[in-house]
Amino acid sequence: MTKVVKFGGSSLASAEQFKKVKEIITAESSRRFVVPSAPGKRFSNDTKVTDMLYGCYDLAAKGKDFSSEFDAIKERYYGIINDLGLDLSLEKEFETIKACFIGKAGRDYAASRGEYLNGIVLAKYLGYNFVDAADVIYFNDQGQFDSARTNEVLPQRLATLDNAVIPGFYGSMPNDTIKTFSRGGSDVTGSIVAAAVNADLYENWTDVSGFLVCDPRIIDNPQPITTITYKELRELSYMGAGVLHEDAIFPVRKAGIPINIKNTNKPEDMGTMIVESTSQKPAFTITGIAGKKGFTVVNIEKDMMNAELGFGRRVLEVFEKNGICFEHMPSGIDTMSVVVHQAEFAPKEQEIMSGLHRNCHPDTIDIETDLALIAVVGRAMKSNRGTAGRIFSALAHAHVNVKMIDQGSSELNIIIGVNEADFESAMKAIYTIFVDTQL
Ligand SMILES: Nc1ncnc2c1ncn2[C@@H]1O[C@H](COP(=O)(O)OP(=O)(O)O)[C@@H](O)[C@H]1O
Ligand SMILES: N[C@@H](CC(=O)OP(=O)(O)O)C(=O)O
C-alpha cells in the first residue's frame with residue numbers, strides 16, 4: 001500500500017504543526033511520499049510565507065531594500081527549525097535566494113522558495129529523502145504543465161526511493177527557470193505525485209475535517225460531506241470551495257486514485273472521500289454550495305436575434321479576440337448575456353464594447369458589474385423534483401433578487417447570479433433550506 005500525503009500551509013505553519021504531521025506520517029508506513037506547502041498562517045491575521053516572499057521579491061525587483069522582509073522570512077524557518085531542535089542550517093540556501101532576488105529571478109522563483117525550504121526542513125525532520133520539484137515536475141514553453149516530460153522522469157525517480165519529500169507548487173520550464181502553478185497549487189503537485197507512484201490513495205491534509213457543504217467562513221459549523229464524486233468536487237472547487245485546487249482532480253482521476261481530505265488537527269475524523277462514482281446517497285438533496293464574487297454580465301439585445309445565423313458566434317468572437325473566456329451565456333429570443341470575470345473584462349471593456357457594436361450591430365448593450373455566482377451542486381438533484389423551486393423560494397424569502405439562472409444539462413448543478421451585496425445571505429438561505437430544514 002502506498003499513500004501520497006500532501007500537507008497544506010496551515011498544517012506546516014509552526015513547529016507544533018510539524019509535530020502533528022510527523023505523528024500522522026509515522027503512524028502508517030504506507031505514507032511514503034510527502035508533498036508539503038510553504039508555512040501558512042499560524043493565526044487568522046498572520047501572513048503566509050508565500051505572500052511574504054511575493055512582497056519581498058516585489059521590493060527587490062524595484063531595486064528597493066528588502067532586508068527586513070527577508071529577515072522576517074528567515075525567522076519563520078528558523079523558528080520552526082529551532083523549536084523542533086533540528087541540526088540544520090539554511091544559510092547557503094538563503095544566500096542563493098537573496099542573490100537570485102537581486103538578480104531578478106522572477107516572482108515564480110521567489111514564491112516557490114517557500115515550498116522548497118519547507119521541503120528541506122520536513123525531509124530532515126522525517127529522515128526522508130528530499131527531491132527538488134524543479135528536477136521532476138515540468139512545464140512547457142507556454143507555461144502549461146508538461147505531463148509527458150514529467151511522466152518520463154518523475155515515476156522513474158521515485159521508483160528508486162523508499163520515501164521522499166517533494167515540495168509542492170512548482171516545477172521547471174524548458175529554459176530551467178522556475179514556474180509555479182496558480183495559488184493553492186501544491187494540491188496539484190500532490191495529485192501528480194500520486195499518479196506517478198500509482199498510489200492507492202492521495203491524502204490531502206488541511207485544517208478542516210474534509211469538504212463541508214458550504215464554506216465555513218460563511219456558515220458556522222457546516223455539515224461535512226463524507227463522499228463526493230470528482231465531478232461534483234470540480235464544480236465546487238471551480239466555484240471557490242478553496243479546500244482543493246480545481247486542477248488537482250485530473251491526474252488522480254485519470255489514474256483511478258481516490259482522494260481523502262483529512263484534518264491535521266483531528267486526524268481521527270474520517271474526512272471526505274473523493275471518488276469516481278458512488279452508490280452512497282448524499283445526506284441532503286444537495287451535496288454542496290460554493291460561490292464567487294467578481295463577475296460582470298454583458299447584456300446584448302437585438303430584435304430577431306434568434307433568426308440571425310451566426311449571431312452567437314460573432315458575439316463570442318469579440319470576447320475571444322480580446323483574450324476573455326466566458327463563464328456562462330444565458331440567452332432568450334432577443335437577448336443574450338455573457339458572464340465574464342470582472343478583473344479580466346474591465347481593462348478590455350471599451351475594445352469589447354466597440355467590437356460588439358461593429359461585429360453584431362445590437363439594438364442595445366448594457367453592462368452590470370459586481371455580480372456573484374453561486375453553484376448549488378449535487379448528484380441527487382437529478383432524481384429529486386422541485387430542487388430549483390426550493391432554491392428560488394428560499395432566495396425570495398431572504399429578499400434576494402436572482403439576476404441569472406443557468407442549469408447544466410447534466411443536472412449536476414444550478415448556477416445562480418446575485419448582486420455581490422446579497423452573496424452571503426443567498427448562501428445562507430440555500431444552506432438553511434436544504435441542510436437545516438432538510439426540504
Ligand atoms: N466547502 C468547504 N469546505 C471546507 N473548507 C472550505 C470550503 N470552502 C472554503 N473552505 C476553506 O478552505 C480552507 C482549506 O483550504 P486551504 O486554506 O487551501 O488549506 P491548506 O493551507 O491546508 O492548503 C478551510 O480552512 C476553509 O476555510
Ligand atoms: N503556498 C502556495 C501553494 C499552496 O498550495 O499552498 P496551500 O496548500 O497552503 O494552499 C500558496 O499559498 O498558494
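Only heavy atoms go into these numbers, but all of them, side chains included; no hydrogens, no water, no symmetry mates. Numbering of ligands and ligand atoms starts at 1, following listing order.
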Could you establish whether [X] and ligand 1 come within less than 4.0 Å of each other, counting only heavy atoms on the residue side?
X: Gly288; answer: no
X: Gly210; answer: yes
X: Ser37; answer: no

Evaluate whether atom CG of Asp220 has more than 12 neighbouring non-hydrogen atoms of other residues, nucleotides or ligands under 6.0 angstrom away.
no
Is atom CD of Glu276 surrounded by more than 12 heavy atoms (other residues, nucleotides or ligands) closer than 6.0 Å? yes
Proximity of [X] to ligand 1 by residue part, where a heavy atom lies under 4.0 Å:
X: Val208; value: side chain
X: Cys214; value: backbone
X: Lys6; value: side chain

Of Leu233, Thr206, Leu12, Asn204, the residue with the heavy atom nearest atom 14 (C) of ligand 1 is Thr206
For atom 27 (O) of ligand 1, which candidate among Lys48, His245, Arg217 provides the closest heavy atom?
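Considering heavy atoms of Lys48, His245, Arg217, the nearest to atom 27 (O) of ligand 1 sits in Arg217.
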Less than 4.0 angstrom from a charged side-chain N to a carboxylate O is my criterion; do [X] and [Y] meet it?
X: Glu203; Y: Lys3; result: yes
X: Arg31; Y: Glu28; result: yes
X: Arg107; Y: Asp58; result: yes

>> Using heavy atoms and a 4.0 Å limit, tell me yes or no: is Gly114 in contact with ligand 2?
In response: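 False for this residue.
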message = Tell me whether ligand 2 is touched by Gly184 - counting only heavy atoms on the residue side and a distance under 4.0 Å.
response =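 So Gly184 counts as touching ligand 2.
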At under 4.0 Å between heavy atoms, what of Ser37 touches ligand 2? The answer is side chain
**Request:** Taking the six-membered ring for Trp and the single ring otherwise, decide whether the centroids of Phe295 and His341 are under 6.0 Å apart.
**Result:** yes
>> Taking the ring of Tyr57 and the ring of Phe101, is the distance between their centroids below 6.0 Å?
In response: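 Under 6.0 Å, so yes.
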Could you tell me which atoms of ligand 2, counted from 1 in the order shown, lie closer than 4.0 angstrom to a heavy atom of [X]?
X: Glu115; value: 1 (N), 2 (C), 3 (C), 4 (C)
X: Gly8; value: 8 (O)
X: Arg183; value: 11 (C), 12 (O), 13 (O)
X: Ser186; value: 3 (C), 4 (C), 5 (O)
X: Lys6; value: 8 (O)

For [atom], what is the nearest protein heavy atom, given as residue, atom name and distance?
atom: atom 13 (C) of ligand 1; answer: Asp207 OD1, 4.0 Å
atom: atom 5 (N) of ligand 1; answer: Val243 CG2, 3.3 Å
atom: atom 9 (O) of ligand 2; answer: Gly9 N, 3.0 Å
atom: atom 10 (O) of ligand 2; answer: Lys48 NZ, 3.6 Å
atom: atom 1 (N) of ligand 1; answer: Leu212 O, 3.0 Å

_Numbered atoms and elements of ligand 1 in range of Gly8, under 4.0 angstrom, heavy atoms_ =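 Taking each heavy atom of Gly8 in turn, ligand 1 has 20 (P), 21 (O), 22 (O), 23 (O) under 4.0 Å.
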Any idea which atoms of ligand 1 are less than 4.0 Å away from a heavy-atom of Ala241?
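Near Ala241, meaning under 4.0 Å from one of its heavy atoms, ligand 1 has 8 (N).
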Practice prompt. For ligand 1, find out whether one of its N or O atoms is nearer than 3.5 Å to an N or O atom of Asp187.
Written response: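 It does not: no N or O of Asp187 is found under 3.5 Å from an N or O of ligand 1.
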For this session: Please say whether Pro216 places an N or O atom under 3.5 Å from an N or O atom belonging to ligand 1.
Result: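 By distance alone, the answer is no.
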Nitrogen or oxygen atoms of Thr50 and ligand 2 under 3.5 Å apart:
yes
Evaluation steps, ring pair (Phe, Tyr, Trp, His ring centres under 6.0 Å), between Phe139 and Phe181: CA-CA 9 Å; Phe139 291 84; Phe181 292 104; 4.9 Å; yes
Can you see whether [Y] has [X] sitting over its ring - NZ or CZ less than 6.0 Å from the centre and within 45° of the normal?
X: Lys179; Y: Tyr109; value: no
X: Lys74; Y: Phe94; value: yes
X: Lys124; Y: Phe130; value: no
X: Arg253; Y: Phe250; value: no

- Query: Could any protein non-hydrogen atom be found less than 4.0 Å from atom 17 (O) of ligand 1?
  - Reply: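 Under 4.0 Å from atom 17 (O) of ligand 1, zero protein heavy atoms found.
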Open item on the list: Under a plain distance cut-off of 3.5 Å, with no hydrogens placed, do Glu351 and Asn322 share a side-chain donor-acceptor pair?
Closed with: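 No, no side-chain donor-acceptor pair sits under 3.5 Å.
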OG1/Thr2 to CZ/Phe33 distance, rounded to the nearest 0.5 angstrom?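 If we round to the nearest 0.5 Å, Thr2:OG1 and Phe33:CZ are 6.5 Å apart.
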**Request:** Determine, step by step, whether Ile249 and Ser191 satisfy the side chain to side chain contact (heavy atoms under 4.5 Å, CB included) criterion, reporting the C-alpha distance in whole Å, the side-chain angles of both residues, the deciding distance to 0.1 Å, and the verdict.
**Result:** CA-CA 7 Å; Ile249 294 155; Ser191 182; over 6 Å; no
After noting the C-alpha distance and the side-chain angles of Lys293 and Glu424, does the key distance pass the salt bridge (Lys or Arg N to Asp or Glu O under 4.0 Å) rule? CA-CA 10 Å; Lys293 292 181 179 176; Glu424 277 81 12; 3.4 Å; yes
